[in-house]
2 protein chains.
Amino acid sequence: MSPTTDAAASHEVDASESEAATKNLVFVAAERLFALHGFQNVSVRDITAAAGVNLASVNYHFGSKDALLFEIFKRRTAELNRERAKMLHEANDRNVGSPPLREILAALLTPPLRWLAPDHERRISLQFLIRARSEGTDEIRQVLKTDVSHLRRFSDALLRARPDLSPEEVYWRLHFTLGMLHNNRFAEFDRLNVLSEGQTSEADVVALLDRMLSFAEAGFRA
Amino acid sequence: MSPTTDAAASHEVDASESEAATKNLVFVAAERLFALHGFQNVSVRDITAAAGVNLASVNYHFGSKDALLFEIFKRRTAELNRERAKMLHEANDRNVGSPPLREILAALLTPPLRWLAPDHERRISLQFLIRARSEGTDEIRQVLKTDVSHLRRFSDALLRARPDLSPEEVYWRLHFTLGMLHNNRFAEFDRLNVLSEGQTSEADVVALLDRMLSFAEAGFRA
DNA sequence: GTCTATAATTCGATAGAC
DNA sequence: GTCTATCGAATTATAGAC
């Protein structure tokens, strides 16, 4: 409705500009609404209204509502795992291929915790990813179950760091650590704040990351 | 509610038996379907078909689909927290009011882990509760955020067990421990099994509980 | 209490004009 | 690419007969 008319009003040939702009407006609005209210609770009408674009835009640019969700999921997952892989790679370089426990865990947890910062551009993306993990479509669940290649890099590193433990034990401890991470939803922070009567604040993500690393590292050393 | 069923079954006037029976059939079928597929993905038609009762039963016995979800949530939450409170009470009795860390954590984690056993009557209920926590209605989210009385018993005990730590730190570590617990969904077990190439099995819940307790206890001792 | 029939919405998707 | 108008399907909830 309005964005196209505004853009077309000032220029005469900005067709390609408005194409990409519309698709991106839908992408961003959908990600935010899905993250805040869940996939099933957000309609295509909600998305296009929030984005200020036409109702048919979702189907034209993405094919379907499901495909839109999947595209957001794919892009954000790739971004996050790229950051993790880079940190793990750097940790390997610093430690001749055998980083200590804490550096491995830091490579796994630091990127998502960075995203969680109040002023971070990807703050809402992390909430989206956490929700998509449990509320996503069958297609997303299939990818989550099948594609574990990024996690294998971490489990391999952990197995090397704790060769004295049985592999089974290492896999379970990785599972526990991921559980700690996936519990960081807005609603859970609110609940914790009520319980602690305002003594906990998730705004300081550096402190939170440090707490998580210390807890997980101790769990792995046990 | 359910006690009526048992009482009426042995007597001759079992008109009330079929009343309660229908309500219970709906309750059980809905809990299972919600646990397996999520609240939004299950229709009233799915529930009544699985229960073998009439479509109108849900609205007659519970008022609405939302109210049905809330009633299941309330009953199972009460059951679970009753078991936890009992275990914490017993731990207090054994330790003159100051149980060691591991016993407090055991009172928190043992009941839900017991429910998780392959042959346990409440196995599906635990999956329901985990899903309801993130996929529930606004009413459920409100209760989760407001009613933390059962958790406060545990945070108080943990604060007494670790008086050297700042309260803030203790609350965060409890948050991490709950994250470990809430990550125990069927889908996450499947994913872990793929990653570990079949080396992990969640069937042995006694071993799993022991692993979780050791991990969390170490995290609290750090 | 149970059942059938249906009301009243809401939603995703698309055809066709521009 | 964008927009309007609308289709067709699915949903929850309820009215009314039995």
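By convention in this document, chain letters (A, B, ...) are assigned in the order of the sequence lines, proteins followed by strands, and residues within each chain are numbered from 1. Keep in mind that what you see is a predicted model, and the values were worked out from it rather than measured.
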*asked:* I want to check one thing: is the phosphate of D:dT2, taken as OP1 and OP2, less than 4.0 Å away from some side-chain N or O of A:Thr22?
replied: yes
*Given D:dT14, C:dG12, D:dT11, which nucleotide is nearest the side-chain atoms of B:Ser43?*
D:dT11
*Rounded to whole angstrom units, what separation is found between the CG atom of A:Asn41 and the C1' atom of D:dT11?*
14 Å
_If we ignore hydrogens and angles and just use 3.5 Å, is the side chain of A:Arg45 paired with the main-chain N or O of A:Leu55 as donor and acceptor?_
no
*Rounded to the Å, how far apart are B:Ile47 CD1 and D:dT11 C1'?*
12 Å
*The side chain of A:Asn54 lies closest to which of these nucleotides: D:dT2, D:dT11, C:dA13?*
D:dT2
_Do A:Thr200 and A:Asn193 pair up side chain to side chain, a donor and an acceptor below 3.5 Å, judged on atom types alone?_
yes
*Write down the distance between CZ (B:Phe39) and P (D:dT11), rounded to a whole number of angstrom.*
13 Å
*Identify which nucleotide among D:dA13, D:dG1, C:dC11 has an atom closest to any side-chain atom of A:Arg45, counting heavy atoms from C-beta outward.*
C:dC11
*Rounded to the Å, how far apart are A:Leu68 CG and C:dA13 P?*
10 Å
*Atom pair distance, as rounded to whole Å: CG in A:Leu55 and P in D:dT6*: 14 Å
_B:Thr77 side chain vs B:Phe73 backbone, donor-acceptor pair below 3.5 Å_ = yes
*Between D:dG1, C:dC3, C:dT14, which nucleotide gets closest to the side-chain atoms of B:Ala56?*
C:dC3
_Would B:His37 and B:Asp46 count as a side chain to side chain donor-acceptor pair (under 3.5 Å) here? Give the steps._
CA-CA 11 Å; B:His37 308 112; B:Asp46 295 331; over 6 Å; no
*How long is the line joining CG of A:Leu25 and P of D:dC3, in whole Å?*
11 Å
*What's the closest nucleotide to the A:Asn59 side chain, out of D:dT2, C:dA13, C:dT2?*
C:dA13
*Atom OH of A:Tyr60 and atom P of C:dG12: how far apart are they, to the nearest Å?*
21 Å
*Contact class for B:Ser57 vs. all strands (heavy atom < 4.0 Å): base, sugar-phosphate, or nothing?*
nothing
_For atom CD of A:Gln40 and atom P of D:dA10, their distance in whole Å_ = 15 Å
_Partner of B:Arg76 by salt bridge (charged side-chain N to carboxylate O under 4.0 Å, His left out), out of B:Glu31, B:Glu71, B:Glu121_ = B:Glu31
